[in-house]
Amino acid sequence: MDKIDILGVPHAYELTPPIANSQTPVLIFIHGWLLSRQYWQPLIAVFRDRYQCLLYDLRGFGESQLGDIPCQKPLSYTLEAYARDLEILLEQLNISRCWAIGHSLGGSIALWGADLLPETIEGVICLNAGGGIYLKEEFERFRMIGQKIVKYRPRWLHRLSWLELLFARTMVVQPLARHWGKQRLLDFINADMQAALGSLLETTTESEVHTLPQIVARLEQPVYFLAGAKDRIMEPKYVRHLASFHSLFYASGDNAIEIANCGHLAMVEQTQEVSAQITSILERHCL
């Protein structure tokens, strides 16, 4: 793990070795809300021999902590702000060709990044990410519950071993291995308060929700959406809705793909199927 400064915040990242004599793009993995780069490790193990891979912790999450860093102005936590962080990261690492693969919130950031960097980000694959429909009461309830959860996170929670089991069962179809429950609990506790609340509130406004379909509609790069068939956080119908704004949806209709027996953490619930779908997409466009 290395760190790189982005707007005064040290960002933790991992960059696998380049592939000798390869013209394939770098794969960029972007995690979701209250998570970290760790959940991509199963997919990195699959792809690192064929593609150079970059995974990093979003500002305020994982090991990209704000701490007591002095800032000249308040940091923004909009989708565009996080996409600008990605732009700086790619510039500093001299990455000029890539595909962005994002989970949930990370998928929305990947879409914004592709819009900002059309010559650098050659394609996007979203996991458990969709939306574009603003349901006022549901979003207000989601933000209210989210704020309560974020504000009550005493450090001693990690001592409660039964919580690991709870986190291993939340938002998934089949319970995850216990170490994933422990990782989710740690990421939940360690997420910076400002970033957790900021990203929750600033990425779910009516304006942000309605802007996302406009971005998808104007993207000329290929964009694919992998949905968990039993995802209750981002239901497949909302994934298909956002996918329908992209030209690929009208050309073939196969840019929205459901993963069977899968909840909201596709990359660790159904690693084999997700890696197979990503491989097929990349081979279609990159080889």
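All residue numbers in this chain count up from 1 along the given sequence.
Residues that satisfy the side chain to side chain donor-acceptor pair (under 3.5 Å) test with Asp187, not counting sequence neighbours, are Ser36, Tyr39, Gln183. Under the rule for a side chain to side chain contact (heavy atoms under 4.5 Å, CB included), the partners of Trp156 that lie at least two apart in sequence or sit in another chain are Tyr152, Pro154, Arg159, Leu160. For Thr203, there are no side chain to side chain donor-acceptor pair (under 3.5 Å) partners two or more places apart in sequence or in a different chain. Residues that satisfy the ring pair (Phe, Tyr, Trp, His ring centres under 6.0 Å) test with Tyr13, not counting sequence neighbours, are absent from this structure. In terms of the salt bridge (charged side-chain N to carboxylate O under 4.0 Å, His left out) criterion, Lys151 has no residue partners (sequence neighbours excluded). For Arg153, the salt bridge (charged side-chain N to carboxylate O under 4.0 Å, His left out) test picks out no residue, with sequence neighbours left out. With sequence neighbours excluded, no residue forms a ring pair (Phe, Tyr, Trp, His ring centres under 6.0 Å) with Phe142. By the salt bridge (charged side-chain N to carboxylate O under 4.0 Å, His left out) test, Arg84 pairs with Glu80, Glu87, sequence neighbours left out.
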Donor-acceptor pairs under 3.5 angstrom involving side-chain atoms of residues 104-115: please list them, not counting sequence neighbours.
{"residue": "Ser104", "atom": "OG", "partner": "His264", "partner atom": "NE2", "Å": "3.1"}
{"residue": "Asp115", "atom": "OD1", "partner": "Arg218", "partner atom": "NE", "Å": "3.0"}
{"residue": "Asp115", "atom": "OD2", "partner": "Arg218", "partner atom": "NE", "Å": "3.3"}
{"residue": "Asp115", "atom": "OD2", "partner": "Arg218", "partner atom": "NH2", "Å": "2.9"}

If you look only at distance, which donor and acceptor atoms sit under 3.5 Å apart when one is on a side chain in residues 18-30 and the other is two or more places apart or in another chain?
{"residue": "Ser22", "atom": "OG", "partner": "Thr24", "partner atom": "N", "Å": "3.1"}
{"residue": "Ser22", "atom": "OG", "partner": "Thr24", "partner atom": "OG1", "Å": "2.7"}

Side-chain atoms of residues 127-141: list all donor-acceptor pairs with protein atoms under 3.5 Å, sequence neighbours left out, distances to 0.1 Å.
{"residue": "Asn128", "atom": "OD1", "partner": "Ala266", "partner atom": "N", "Å": "3.1"}
{"residue": "Asn128", "atom": "ND2", "partner": "Asp231", "partner atom": "OD2", "Å": "3.0"}
{"residue": "Asn128", "atom": "ND2", "partner": "Gly263", "partner atom": "O", "Å": "3.0"}
{"residue": "Tyr134", "atom": "OH", "partner": "Arg143", "partner atom": "NH2", "Å": "3.0"}
{"residue": "Lys136", "atom": "NZ", "partner": "Glu140", "partner atom": "OE2", "Å": "2.6"}

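For residues 171-182, the pairs satisfying side-chain hydrogen bond (donor to acceptor under 3.5 Å, both in side chains) are Glu164-Arg178, with sequence neighbours left out.
Within the 4.5 Å cutoff, the side chain of Cys286 has heavy atoms near those of the Trp99 side chain.
If you chain together hydrophobic residues whose side chains sit under 4.5 Å apart, Ile281 and Leu248 fall into the same group.
Here the closest heavy-atom approach between residue His246 and residue Leu219 is recorded as NE2-O, 3.4 Å.
Between Lys3 and Glu63 no salt bridge is recorded (no basic side-chain N to carboxylate O distance below 4.0 Å).
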